[in-house]
2 protein chains.
Amino acid sequence: MDETVRWLTPEEQRAWRAFVRLQERLGGRLARMLQTESGLSVADFAVLVQLTDVPEGRQRFLDLARALEWEKSRMSHHIARMVKRGLVVRDECVEDGRGAFVVITDAGREAIEGAAPLHVEAVRDLFLDHVTPAELRTLAQVSERVVAKLDEDAS
Amino acid sequence: MDETVRWLTPEEQRAWRAFVRLQERLGGRLARMLQTESGLSVADFAVLVQLTDVPEGRQRFLDLARALEWEKSRMSHHIARMVKRGLVVRDECVEDGRGAFVVITDAGREAIEGAAPLHVEAVRDLFLDHVTPAELRTLAQVSERVVAKLDEDAS
DNA sequence: TAGACGTAGTTGACATGTCATCGTCCTGTC
DNA sequence: GACAGGACGATGACATGTCAACTACGTCTA
């Protein structure tokens, strides 16, 4: 029972709230744009980008999950939805009877090739264009440092 | 048809990815902590904080939605769930037959009073403690500037 | 005061995530 | 080999959000 809570100072409060708000607003806006312009969710986009980064657009289930830092269950559900929409297909794994590959389809490639330029443009318009290079460096440093701490804690 | 896409430079790419990653990881961690330590979702927390900030812990539906920047539909669904769990109650609005108030219950106050110190502590441990005051100022400035731009665009 | 129009809130269908649990297959050890 | 335990992935129940109607009430104007 520690009664002395170190509440946030006004500056901390302001910064934290602004930061949270930025995430919600910017993330929401980008997600909506991606959806309406390209018919993809952010999750779809992430999967497709990862698959185009990998030989033959083909990757094992858990490798994909690890690359995106997703839970395997999320991966499983999401791939099922993407299969239904024809963006990827499953492929049996010969070496390991339990395993499966996820493979990007032609439709998936078309989708990502159409979406990526628009998405990059949106990230510029809504975010990068309003941040100086120095600020961006700071942001990157802070982000990497904090994520590294989170990783430490988790272990 | 503009063929010349301005892709992200390596620094931009790194910064943007780190930033997105930070949001996912930090947000996820805080949400999970709040849930397991206090049995509240981030959304519950936001509603309860807002209601304790308002006279009598009582606010009109849409005012609440505007304060949190939520859609009314989201508000409606979420309040229904919170009512079911006894954190808030609905109250008829006499002046306006369409309207309704949301009122925090004693259980709601207990929940938020138990959760808030832990949550603040977590925000410190996981984030603020790893950011210098100067970095925090930069972060706040950037966040506010970008959100302001988003607001402009929306109008 | 009637009708048009706007406002407050609800609802249902659906997309997305999490958690816990399950079935199946692989692997190391005896 | 047999079996214990781990790894791979699927599944069902549930929480959360969004979008698009829809209901019901208020308000303004002719």
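When each of Glu95(A) and His78(A) is assigned the nucleotide of DNA chain C bearing its nearest heavy atom, the one mapping closer to the 5' terminus is His78(A). Along DNA chain D, the nucleotide closest to Glu71(B) and the one closest to Arg85(B) are compared, and the more 5′ of them pairs with Arg85(B).
Within 4.0 Å of Ala80(A), counting heavy atoms only, lies no atom of the nucleic acid at all. The residue Arg81(A) sits close to a base: some heavy atom pair falls under 4.0 Å.
Each of Met82(A), Arg81(A), Gln35(A) was checked for a side-chain contact (heavy atoms from CB on, under 4.5 Å) with Ser41(A), and the lone residue meeting it is Gln35(A). Results of the side-chain contact (heavy atoms from CB on, under 4.5 Å) test with Ile112(B) over Leu48(B), Asp44(B), Leu51(B) single out Leu48(B) as the only residue that passes.
Nucleotides of DNA chain D with any atom under 4.0 Å from a heavy atom of chain A span, from 5' to 3', dG6(D) to dC19(D).
Under the rule for a ring-ring contact (aromatic ring centres under 6.0 Å, His included), the partners of His119(B) that lie at least two apart in sequence or sit in another chain are Phe45(B). Under the rule for a side chain to side chain donor-acceptor pair (under 3.5 Å), Thr105(A) has no partner lying at least two apart in sequence or in another chain. For Arg145(A), the side chain to side chain donor-acceptor pair (under 3.5 Å) partners at least two apart in sequence or on another chain are Glu135(B).
Listed by first then second residue, pairs satisfying ring-ring contact (aromatic ring centres under 6.0 Å, His included) with a partner in residues 83-107 of chain A number zero, not counting sequence neighbours.
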Response to the item:
Protein-proximity profile, nucleotides 1-11 of chain C, B/S/- by nucleotide at the 4.0 Å heavy-atom cutoff, equals -----BBSBBB
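Comment: Asp151(A) engages Arg25(B) in a salt bridge, judged by a side-chain N to carboxylate O separation of less than 4.0 angstrom.
For the 3.5 Å distance criterion, the side chains of His130(B) and Asp125(B) fail to qualify, holding no donor opposite an acceptor.
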